[in-house]
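Worksheet: the structure to be examined is printed underneath.
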Amino acid sequence: MLREWLRARSRLGNHLFNNWVIWPVIFAFANGYFMPLAFFGVQDVVRSTELFVGMMLLHIFVLSYTAATDMINERLESKILQYHTQATSYAAMFWARYMFNVLFSFASVIPFFPVAKLVLQEYLYTDLVCWWQILVVLFLGVCLANAYIFCWLAIITRVIDFEHIWERGIEPFLWLGGGWAPGYAIVAGAGAYGSWVYLNPFVYISDALRVSFLGDTVRFTPFYKALPPIVLGTLFFAIISYQLLKKRMDVV
Amino acid sequence: MKSIRWRQNILIGWHLLCREWQRYLHSWFDTGIDAVVVGTIFALSAGHFMPQMGMPREMVTMVFIGTVAVFCISEGYATGLAIALDLDGADFMAYHVALPVSLEMVLASYVGGMMMRMICTTIPIFIYGLWILGDWQALSVSPLYLLVMTLLISFFWSVLFLALAIGTKISVMMGDLWPRLIAPMFCFGASFFPWMRIAHLAPRMARLIYLNPMTHCAEAMRTALLGQHGFIPIWQSMLVLSIYSLALSLLLCMAARRRFNSPREYRPC
C-alpha cells in the first residue's frame, strides 16, 4: 500500500484540486442548478437535490475507473502486478491495491457534498440531512465500485479493450442505477421490467444517498434496507474479481 | 513545379485519409456496440425515466439530442487520446510529417479521419435513439442545416482534440483534461437543456453559457432536427463555431510546428 501511496503522491495536488474543487463545483452548477431550473421551471429545491445527489454515483465511478487505468497498464504492459505477486503473494498484491483504491477514493469523495453545499447554498436541501449515513454510504459505495471495476480488470486481455469498459460496463449500471433518474422513476417508466432495476446494486447507493438527504422512505429505499444489497454486491464482485484475476495471472 | 508539389500534397493527403478510414473500419464493430449501448441508455433515460421525475415531455427529444452530442465528445476525446499516446510512444505521426507532404495536409488528414469517425458513430445513434423514443412527430429536419452543422461541429471537436493531443503533455490528456476542460464544457453548455429556458429564468448565467461552444453544438443540432423555434438562431451558432474552429485551427498549426520542428527531448511529453 505504501508503494501505491508513493505513486499517487506524485499527482496528489492535481488529484485533490480536481476531486475536491472542480468536480463538486461543476456538478453542483450543472445538475443542482441549471438542469433542475430547465426541467422543473421555478426552482424546486427538493427535486433539485434529488437530481443532484445521484451524480455522486458518477463521481465514484470516475474515481474507480481512473485508479483502474494504472492497474491495467501494470498488469498487461509493464507486468508489475506479476512481479509483486512473485515478490510477496497474490493475496497481498490484490488486497493491498483494493484497499488503497477504496481508501483513496473515499478520501477523494468526502468533500463532494460540503463543497456543493457551499456552491448551491439554499438550493441544496439539507434540512433533513444525516451526514453520518452519507459517510457510510460513500464508503460502501466506493467499496462496491472498486470491486466491480476489479472484475473488469480481470476480464479484459488487451489494454485497448479498457476504453470500452466505460460505455459497456459502467454507463448501464450508472444511468440505470439512479445516476440521473432515481429508482422509483425507472420503475415507473420501464413498465413491466421496471422492478429489475433493483437487481442493480448501484441503485441502492443512489437511493441511500437520496434518503439520507431527503428522508423520504416512500419513494427511496430506506437506509437500513439499502445497506445489505450494497454489502452483498461488494462481496460478490470482490470474490469474483479475486478468483478471476488469479486465474488470468496463472497464479498457483 | 508548384503544381506537381500541389498534386503530390493532395495525393499523399488522400492516402493518409484512406488510412484513417481503414483504421476506423477495423474498430467500427466495437465502436458500434458502444454506440448502441449508450444510445439505448440515454434514450431510455431521457424518454421514459426523466419524465417520471417531472421533466416536461416536450423536452425529451431536445435532451436526447444533447446527450448524443456529449457522446460525440467522448469519441473525439478517445481518438485524441490515442493520438497523444502514439506521440508519446511510437510517434507514428512524426513519420507522416516526414513524408514529402505539407504539415497542414497531414493535420487535415488526421482531422478528416476524426470527423469521419465522429459522424459515422453519431448518426446511427441519433437514428436508433429516435426510434426508441418514438417521437417522430417532433422532428422537423432541415437537411441543409443538418449537413452543414454536422460537418462544422465534427470539425470543431476534431481540431480541438487534435490540438490538445499535439500541444499538451500525455499526463494532462489523461488526468486533467476531463475535469478542467471537457466536463465544464458540457456541464456549462446547454447540452442537457435548451438554452432558451435558462435565458428566461437566469439571464445573466445564460450569457455565460452562450459563450460556450458546446451550447452552440447542441442548439444547432436541435435546430437542424427539430426546427428553429425555441433555440438559438442557427446563424449565430454557425458564426460562433466558425470563429472557434478558425482560432483552434491556427493553434493546431502552431502547436504542430512547435512539436515537430523541435528535437524529441524538448517536446511537451
Side-chain angles (χ1 to χ4, degrees), chain A residues 10-11 14-15 17-19 21-23 25-31 33-44 47 50-51 55 58 62 66 69-70 159-161 163-169 171-176 178-191 194 197, chain B residues 27 30-31 33-42 44-56 59 62-63 67 71 74-75 77-78 81-82 85 171-172 174-176 178-181 183-198 200-202 205-206 208-209:
Chain A
S10 61
R11 297 172 297 190
N14 278 339
H15 179 87
F17 184 63
N18 292 339
N19 290 285
V21 178
I22 294 180
W23 284 118
V25 169
I26 60 176
F27 281 149
F29 271 111
N31 296 87
Y33 183 68
F34 290 128
M35 278 175 71
L37 195 62
F39 289 172
F40 311 132
V42 176
Q43 202 69 34
D44 181 337
R47 273 200 289 188
E50 189 180 320
L51 188 63
M55 279 294 113
L58 173 62
V62 166
T66 309
T69 310
D70 291 323
V159 174
I160 197 167
D161 292 334
E163 68 184 58
H164 299 296
I165 288 177
W166 185 266
E167 281 92 4
R168 297 182 204 179
E171 295 229 19
F173 278 98
L174 170 61
W175 303 119
L176 297 177
W180 231 10
Y184 77 86
I186 298 174
V187 170
V197 74
Chain B
S27 65
D30 280 325
T31 310
I33 294 177
D34 294 345
V36 166
V37 171
V38 169
T40 307
I41 300 293
F42 283 151
L44 289 174
S45 293
H48 296 277
F49 306 151
M50 290 304 292
Q52 301 297 330
M53 275 191 82
M55 187 182 83
M59 285 186 67
M62 297 176 208
V63 171
T67 58
F71 176 73
S74 301
E75 277 304 301
Y77 171 75
L81 183 61
L85 288 168
S171 56
V172 170
M174 293 186 72
D176 297 331
W178 262 100
R180 298 188 190 188
L181 180 67
M185 280 180 89
F186 72 73
C187 285
F188 291 115
S191 41
F192 298 120
F193 48 85
W195 181 82
M196 287 290 187
R197 280 184 80 94
I198 298 296
H200 291 135
L201 296 165
M205 297 299 268
L208 278 175
I209 295 174

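Letters go in sequence order (proteins before strands), and every chain restarts at 1. If you're wondering where the values come from, they're calculated on a predicted model, not measured in any experiment.
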Start with the C-alpha distance between B:Asp176 and A:Arg11, add both sets of side-chain angles, then the distance that settles salt bridge (Lys or Arg N to Asp or Glu O under 4.0 Å), and finish with yes or no. CA-CA 10 Å; B:Asp176 297 331; A:Arg11 297 172 297 190; over 6 Å; no
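Proximity to chain B is absent for every atom of A:Leu174, based on heavy atoms less than 4.5 angstrom apart. Neither the backbone nor the side chain of B:Leu81 has a heavy atom closer than 4.5 Å to any heavy atom of chain A. The contact between B:Met174 and chain A is made entirely by side chain atoms (from C-beta outward), counting heavy-atom distances below 4.5 Å. Proximity to chain B (any heavy atom under 4.5 Å) is shown, for A:Ile186, by both the backbone and the side chain. The contact between B:Phe42 and chain A is made entirely by side chain atoms (from C-beta outward), counting heavy-atom distances below 4.5 Å.
No other option in A:Trp180, A:Tyr184, A:Trp175 has as many heavy-atom pairs under 4.5 Å with chain B as A:Trp180. With respect to chain B, the highest number of heavy-atom pairs below 4.5 Å among A:Ile22, A:Asn18, A:Val187 belongs to A:Asn18. Between chain A and the options B:Asp30, B:Ile33, B:Val38, the largest number of non-hydrogen pairs under 4.5 Å is found for B:Asp30. Counting heavy-atom pairs under 4.5 Å between each of A:Ala181, A:Ala38, A:Gly194, A:Pro182 and chain B puts A:Ala38 at the top. The choice from A:Gly191, A:Ala188, A:Ala190 that makes the most heavy-atom pairs within less than 4.5 Å of chain B is A:Ala188. Contact count versus chain B (heavy atoms, under 4.5 Å) is highest, among A:Ile26, A:Asn31, A:Val62, for A:Ile26.
The heavy-atom pair separating A:Ala30 from A:Pro36 by the smallest distance is O-CD, 4.2 Å. When all heavy atoms of B:Val63 and B:Phe192 are compared, the pair lying nearest together is CG2-O, 3.5 Å.
Between the CZ atom in A:Phe39 and the CZ atom in A:Arg47 there is a gap of 11.5 Å [rounded to 0.5 Å]. With rounding to the nearest 0.5 angstrom, the CD1 atom of A:Ile165 is 11.0 Å from the CG atom of B:Asp34. A distance of 9.0 Å separates CE in B:Met59 from CE in B:Met50, rounded to the nearest 0.5 Å.
Between the side chain of A:Arg168 and the backbone N or O of B:Val37 there is no donor-acceptor pair closer than 3.5 Å.
By the 4.5 Å heavy-atom criterion applied to side chains, B:Met53 and A:Leu51 are counted as neighbours.
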